[in-house]
There are 2 protein chains.
Amino acid sequence: MATIHEVAQKAGVSAATVSRVINNRNTVSEKTRMRVEQAIHELEYEPSVLGRNLRNSESRLLLVLIPSISNPFYSEIINGIEDTAIAQGYNILLCETDSNPNREAIYFNMIRNRLADGIISMDPTVNKEKLIELANTYPIVQCSEYEKDGSISYVTIDNELAAYQAVKHLIKLGQKKIALINSDEKFLYARERRQGYEKAMREFGLPIKSEWIYITDQLGFQSGQQAMRVLLNLADRPTAVFAVSDILAIGALKEININDLRVPQDIAIVGFDKISFSNMTHPTLTTVAQPMYKMGCLSVNMLINKIRGKKVDSIVMDHELVIRQST
Amino acid sequence: MATIHEVAQKAGVSAATVSRVINNRNTVSEKTRMRVEQAIHELEYEPSVLGRNLRNSESRLLLVLIPSISNPFYSEIINGIEDTAIAQGYNILLCETDSNPNREAIYFNMIRNRLADGIISMDPTVNKEKLIELANTYPIVQCSEYEKDGSISYVTIDNELAAYQAVKHLIKLGQKKIALINSDEKFLYARERRQGYEKAMREFGLPIKSEWIYITDQLGFQSGQQAMRVLLNLADRPTAVFAVSDILAIGALKEININDLRVPQDIAIVGFDKISFSNMTHPTLTTVAQPMYKMGCLSVNMLINKIRGKKVDSIVMDHELVIRQST
DNA sequence: AGGATTATTGTAATCGTTTACATGAATGAA
DNA sequence: TTCATTCATGTAAACGATTACAATAATCCT
């Protein structure tokens, strides 16, 4: 790979001039610009990102923090992030934390090292204190999961409202015994969705029985399946389920199928996220769609604005209840 | 963030000595080593990767090329890659090409720029000529999909054998009319799995009807569903299906369910990959398991050896047929 | 023409490391 | 004691870019 000096030599100018051509500084005459561009072309020169970064202390790399790459919920958001980032000349580094503080520390150090210019955190398991502290010094935005105190800008949806509407949908269909399969309530989204659930139940005068609320400690299919197993064994068995993620809902559905119960006749079920697999289950899953791709795009724009020192406002996006066969 | 010079000053030595301490050069006296380590600790110093990279022209970053992050097949491999890479002091940059040559070009340039030290390609849609050319100069390994000419080291499984065994399993169950849902045969794995299918059919004297072989142009659920729709409409309808990926098999299963046919009684089905969903379908899917995590680990080790200039040999791993309810 | 502007280009310092080489101190041998 | 050898450390150049500043060339105005 040619260096800037070789280009300079070939074009008969100094490295400084070549640099000016590359960066579109206006102070280069048309004649030399042509010569330089010719030389760049002939040598197939590409500026070394390393050299540039060192000097500018910018890397044009964005960190995206997710707990696990296996969770399809993130895929679509990441698509949005990637498309937008590349369009703006940034690359993204996907950081799977596996909810492991050591990994998290590695990635946090990358930004301190100026190896990355900013962070988009989608990790609900992130160390909040550390993240907030880091956000004082470095550009950080949150997507989906966020801090309520507003110390970090975010893109999200109204989780409470979405959950409220999902449960209301079940109620309108005549359901009265509605269970909730929630994830750990240390996550804000879990607390908010629970509130939406309770709000709808209360509004229609339905009982909120604690035995109908199952809290999973993990996020996989198995957890949903396990939750449903417990719910089905109750003396007063619920006739509908609202699960806070499609993954959990699909696990629950599996357990219902195993027990030869019919969906939605015996048990209706609503998920959350509209992952692609939710349309492949039998029956297909009613779910809450988040504008995932769009959320990814907006997060990147927000982050880049922050990097450039602009002030940014948090965004709450619209969601949509997608009614399919499971209700 | 402190620099090496600040550490040097605090410890009362030169930057060179600090550098030697950091890199475990043996020529530092115990006394000064202690002083330097103390200073590093007090200043919470972390070496700048940028400066180091520029000097060494190494980045300790590995590129992982995949067509799409949404495909769960890659998730588990990536887990293996990530764990191993981090353990060896490397980070990985997940590169989603979306089968887009422009994106591919961006990533290829990163390695030419020395922004990355090597590439693990898992992308069957990659431009083979460019990849092979690049592999002459830079460390590159392939995982799963590979080049038969042996110009690039790889980690893979015996696709033909795996397909052969999957189909043989169907035959042993008494199936005679076995269809194949394949992906585009420009991919080596597709050609190999087809050969395995044909080998088994031939060996047991079963007819290979071209109308029983459906080739999808995409890799999503919909393609599998579409394929099954066509197969079900045949006058001479197959009674079993071998799909070359779980995604396709799940789509096919969906279509079978829609038509109120029973699996496996009316139609048996075998997938490939053992993605996590394959255990959540109703019925659960018989499939071929690849040692995905392990493949990821081995790819990284292979690549790092290549980076260090060692000679490496390609590896063919063992697979396993996982028999579940769909057969 | 001569001085003042302005446009263009070059020089050299800088970013944070690593490392070949130089230097000086400590040690050992005679 | 004196010289050779070894050990520990420092000096300075490099990696490849960017950019403040200086220097020169071109242009304009009176």
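Basis for what follows: all heavy atoms, side chains included, without hydrogens, waters or symmetry-related copies. We name chains A, B, ... by the order of the sequence lines, and we start the count at 1 in each one.
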Exercise. So, does the side chain of B:R55 form a donor-acceptor pair with the base of C:dT18 at under 3.5 Å?
Worked result: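 Between C:dT18 and B:R55, which were checked side chain against base, a qualifying N/O pair under 3.5 Å is present.
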Quick one: list whatever passes salt bridge (charged side-chain N to carboxylate O under 4.0 Å, His left out) with [X], sequence neighbours left out.
{"X": "A:E58", "result": "A:R60"}
{"X": "A:R33", "result": "A:E37"}
{"X": "A:K31", "result": "none"}
{"X": "B:D117", "result": "none"}

For this session: Compare side-chain N and O positions of B:R52 against OP1 and OP2 of C:dG16 and report whether any pair is under 4.0 Å apart.
Result: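 Checking B:R52 against C:dG16: no side-chain N or O falls below 4.0 Å of OP1 or OP2.
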Exercise. At under 4.0 Å between heavy atoms, what does A:N53 touch on the DNA or RNA strands: base, sugar-phosphate, or nothing?
Worked result: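 The answer is nothing, as A:N53 stays clear of every strand by at least 4.0 Å.
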Exercise. Which part of the nucleic acid, if any, lies within contact of A:T3, taking any heavy atom under 4.0 Å across all strands shown: a base, the sugar-phosphate backbone alone, or nothing?
Worked result: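 Counting heavy atoms under 4.0 Å across all strands, the contact made by A:T3 is with sugar-phosphate only.
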For this session: Identify the 5'-most and 3'-most nucleotides of DNA chain D with at least one atom closer than 4.0 Å to a non-hydrogen atom of chain B.
Result: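 The contacted stretch runs from D:dA8 to D:dG16.
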Show which side-chain atoms of residues 89-97 of chain B pair as donor or acceptor with protein atoms under 3.5 Å away, not counting sequence neighbours.
unit_1	atom_1	unit_2	atom_2	d
B:E96	OE2	B:I69	N	2.9
B:T97	OG1	B:S99	N	3.1
B:T97	OG1	B:D123	OD2	2.7

Find every protein N or O atom lying less than 3.5 Å from an N or O atom of nucleotides 21-24 of chain C, and list the pairs.
none

Exercise. Taking five pairs at each end of the helix from C:dA1-D:dT30 to C:dA30-D:dT1, what angle separates the two helix axes (nearest 10°)?
Worked result: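 So the angle between the two local helix axes works out to 50°.
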For this session: Supply the atom-to-atom distance A:Y107 OH to A:R112 CZ, rounded to the nearest 0.5 angstrom.
Result: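 Those atoms lie 15.0 Å apart.
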In this structure, how many angstroms lie between the [atom2] atom of [N] and the [atom1] atom of [X], rounded?
{"X": "A:H5", "N": "C:dA12", "atom1": "NE2", "atom2": "C1'", "result": "11 Å"}
{"X": "B:R60", "N": "C:dG16", "atom1": "CZ", "atom2": "P", "result": "21 Å"}
{"X": "B:I4", "N": "C:dC15", "atom1": "CD1", "atom2": "C1'", "result": "13 Å"}
{"X": "B:I22", "N": "C:dT17", "atom1": "CD1", "atom2": "P", "result": "7 Å"}
{"X": "B:N23", "N": "C:dT17", "atom1": "CG", "atom2": "P", "result": "11 Å"}

Exercise. Got a sec, which residues hit side chain to side chain donor-acceptor pair (under 3.5 Å) with A:S276, two or more places apart in sequence or on another chain?
Worked result: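 Partners of A:S276 under the side chain to side chain donor-acceptor pair (under 3.5 Å) test: none.
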Listing, residues 42-49 of chain B side-chain donor-acceptor contacts under 3.5 Å, not counting sequence neighbours, or none:
unit_1	atom_1	unit_2	atom_2	d
B:E42	OE1	B:K10	NZ	3.4
B:E42	OE2	B:Q38	NE2	2.6
B:E46	OE2	A:N109	ND2	3.1
B:S48	OG	B:L50	N	3.2
B:S48	OG	B:G51	N	3.1

For this session: Taking A:D184 for its side chain and A:K186 for its backbone only, find out whether a donor-acceptor pair lies under 3.5 Å.
Result: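 Side chain of A:D184 to backbone of A:K186: a pair is present.
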Which donor-acceptor pairs under 3.5 Å do side chains of residues 292-299 of chain B form with protein atoms, sequence neighbours excluded?
unit_1	atom_1	unit_2	atom_2	d
B:Y293	OH	B:D83	OD2	2.6
B:S299	OG	B:M295	O	2.6

Report yes or no: do [X] and [Y] form a side-chain donor-acceptor pair below 3.5 Å?
{"X": "A:Q290", "Y": "A:D273", "result": "yes"}
{"X": "B:Q88", "Y": "B:N301", "result": "yes"}
{"X": "A:S121", "Y": "A:Y146", "result": "no"}

Exercise. So, do A:T137 and A:I111 sit near enough that their side-chain heavy atoms are less than 4.5 Å apart?
Worked result: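 Of all side-chain heavy-atom pairs linking A:I111 with A:T137, none is under 4.5 Å.
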Exercise. Of the residues in residues 28-50 of chain B, which ones touch DNA chain C at a heavy-atom distance under 4.0 Å?
Worked result: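 Hits under 4.0 Å, by residue number: B:Y45, B:E46, B:P47, B:S48.
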Exercise. Of all the nucleotides listed (C:dG10, C:dG16, C:dT17), which has the minimum atom distance to the side chain of A:T17?
Worked result: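 The listed nucleotide nearest to A:T17's side chain is C:dG10.
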Problem set entry | Closest-nucleotide 5' rank along DNA chain D - winner of B:V13 and B:N56 |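 Checking each residue's closest nucleotide, the 5'-ward one belongs to B:V13.
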